[in-house]
Protein chains: 2
Amino acid sequence: MKPGPRRSISQADIVDSAFEILEQKGFAAVSVRGVAAALGLTPTAMYTYFPSKNALLRAMVEQVLSTLDLDAARHSGTPWRDRLHALAAELRARLAEHTGAIVLVTSGPLDGPHARALGETLIAGFTSERMPLADAARAAHAVRAHVLGAAALDVAERPGEASVAAERTPLWTEATAYPLTEAAEALGADDDAGFAWALDRLLDGFATATAAPH
Amino acid sequence: MKPGPRRSISQADIVDSAFEILEQKGFAAVSVRGVAAALGLTPTAMYTYFPSKNALLRAMVEQVLSTLDLDAARHSGTPWRDRLHALAAELRARLAEHTGAIVLVTSGPLDGPHARALGETLIAGFTSERMPLADAARAAHAVRAHVLGAAALDVAERPGEASVAAERTPLWTEATAYPLTEAAEALGADDDAGFAWALDRLLDGFATATAAPH
DNA sequence: ACCTGAACACCGTTCAAGT
DNA sequence: ACCTGAACACCGTTCAAGT
């Protein structure tokens, strides 16, 4: 193995390898050097494919978004509400799949082709329901925010790799300072059901605003 | 300046210094060494105050949340919807104040005392409106997700420090592939108004669910 | 065009030692 | 208890050079 034109690898291979490391060792382990080593490359060879680590991270975000079935969301066979539910659940699942995928999304601009296509699909869906464009754009924005925020809270509520026992909140919360929170937790909430419920509430709100404008 | 018990500095001073660096140089510049240098300390001295960099970041999140006026949100003088709007806007403003604050929030568990107090306050507000506890917990979760997601999209849509011109999407999007998105952008959406609108839609949805359960 | 090897300016964290 | 200095095992990125 000596230098020279090899082309043994593609950008997609690098992104795949980066995701493998992300899932196995967490976000902090996704390094240019680490990904290069996993592919049998020198760190500097990486800069042939991506101009910076940031570009790699952006490519990873785009790859996640590219797996969304936007065609299904556009197909008018079933009600828009059902298609939106499926799309939102799909995106949330993709973000939940790899730990640290949300950090990826929140650590840089979300302006790749697939990100824009997602936004376009959402606006199209709402306008197809006779919603004015301005409202449809707001609704699309709200849905994206809702999915992103839910995914972020998912990882925030997860046990968490980074939280060593010693770092966790100490015992100086003598009495139950958060009775409602604990009572609610005792009810055993299902995250998936809660997500769908909240999305339905948001869509209900859209419907009332469209029915009785201003 | 020689070694020895000095106690010249507090945990709060360190957190403040870290926020200064965060605002001035971005999230990547918030390093143990950098914060230590800004305070005239050796990097290793930092480990007297925080067991790890992660602990520092968590303390920063708690400091942000500690500035929220939960007492005002609990005060029953004004309608709950108004108080919630104020609280949500406050949190969103705090997250928007320092660039990279969302990365902070999404990069670790959200289980500090102030984070829990915020959740408790939200549940209490919804139950005070005769909402069943299970729904109130879901509603509180949805509101937190909504604010977090909106803040995340805010920074994602911002010009972005990290995005060099060369890294931006190239011109191979010949025609306008996203007509609705561009038409909506031409309408000149106000982020603050859009955020308030979406929150109202969510609250409307809660109201209909409470009025006509299951 | 694709790759290597050396180098620069950084990281977080640990450890022994000083006061 | 609070701090220093040296050290370990890492980073992202650049540059000259090889094929």
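Letters A, B, ... are given to chains in the order of the sequence lines, protein chains preceding strands, and every chain is numbered from 1. Since the model is a prediction, treat every value here as computed from it, not as a measurement.
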Within this structure, what is the [atom1]-to-[atom2] distance between [X] and [N], rounded to whole angstrom?
| X | N | atom1 | atom2 | answer |
| --- | --- | --- | --- | --- |
| B:Ile9 | D:dA1 | CD1 | P | 19 Å |
| A:Ile14 | C:dC2 | CD1 | P | 11 Å |
| B:Leu39 | D:dC3 | CG | C1' | 14 Å |
| A:Phe50 | C:dC2 | CZ | P | 13 Å |
| A:Met46 | C:dC3 | CE | P | 11 Å |

Heavy-atom distance under 4.5 Å between the side chains of [X] and [Y], does that happen here?
| X | Y | answer |
| --- | --- | --- |
| A:Glu90 | A:Thr67 | no |
| A:Ile123 | B:Tyr178 | no |
| A:Arg138 | A:His141 | no |
| B:Tyr49 | B:Ile9 | yes |
| B:Gln63 | B:Asp16 | yes |

- Go through DNA chain C and write down every stem, that is, every run of at least three consecutive Watson-Crick or G-U wobble pairs with distances under 3.5 Å, as range with range.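 Consecutive-pair runs (3 or more) involving DNA chain C: C:4-8 with D:12-16, C:12-16 with D:4-8.
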
N/O contacts under 3.5 Å, protein versus nucleotides 8-11 of chain D?
from, atom 1, to, atom 2, distance (Å)
D:dC11, OP1, A:Ser31, OG, 3.3

- Query: Quick one: is D:dC2 close enough that its OP1 or OP2 comes under 4.0 Å of any side-chain N or O from B:Thr48?
  - Reply: no

- Does a side-chain N or O from B:Tyr47 land closer than 4.0 Å to OP1 or OP2 of D:dC3, or not? no

- Query: Which nucleotide in the set C:dT4, D:dT13, D:dC3 lies at the smallest distance from any side-chain heavy atom of B:Leu41?
  - Reply: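 Closest nucleotide to the B:Leu41 side chain: D:dC3.
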
- Message: Let's see if you can work this out: which of C:dC15, C:dG5, D:dC2 has an atom nearest to the side-chain heavy atoms of B:Thr44?
- Response: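 So the side chain of B:Thr44 is nearest to C:dC15.
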
- Query: What are the two closest heavy atoms between A:Ala139 and B:Trp197, and how far apart are they?
  - Reply: N-CZ3, 3.8 Å

- DNA chain C: 5'-proximal contact among B:Pro43 and A:Ala45 (nearest heavy atom): A:Ala45

- Task: Give the ring-plane orientation class for B:His146 versus A:His146, where under 30° counts as parallel, over 60° as perpendicular and anything between as tilted.
- Result: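 B:His146 vs A:His146 ring planes: tilted.
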
- Could you tell me how the ring of A:Phe19 sits relative to the ring of A:His98: parallel (under 30°), tilted (30 to 60°) or perpendicular (over 60°)? tilted

- salt bridge (Lys or Arg N to Asp or Glu O under 4.0 Å) partners of A:Asp192, counting only residues at least two apart: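 Listed in chain order: A:Arg92.
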
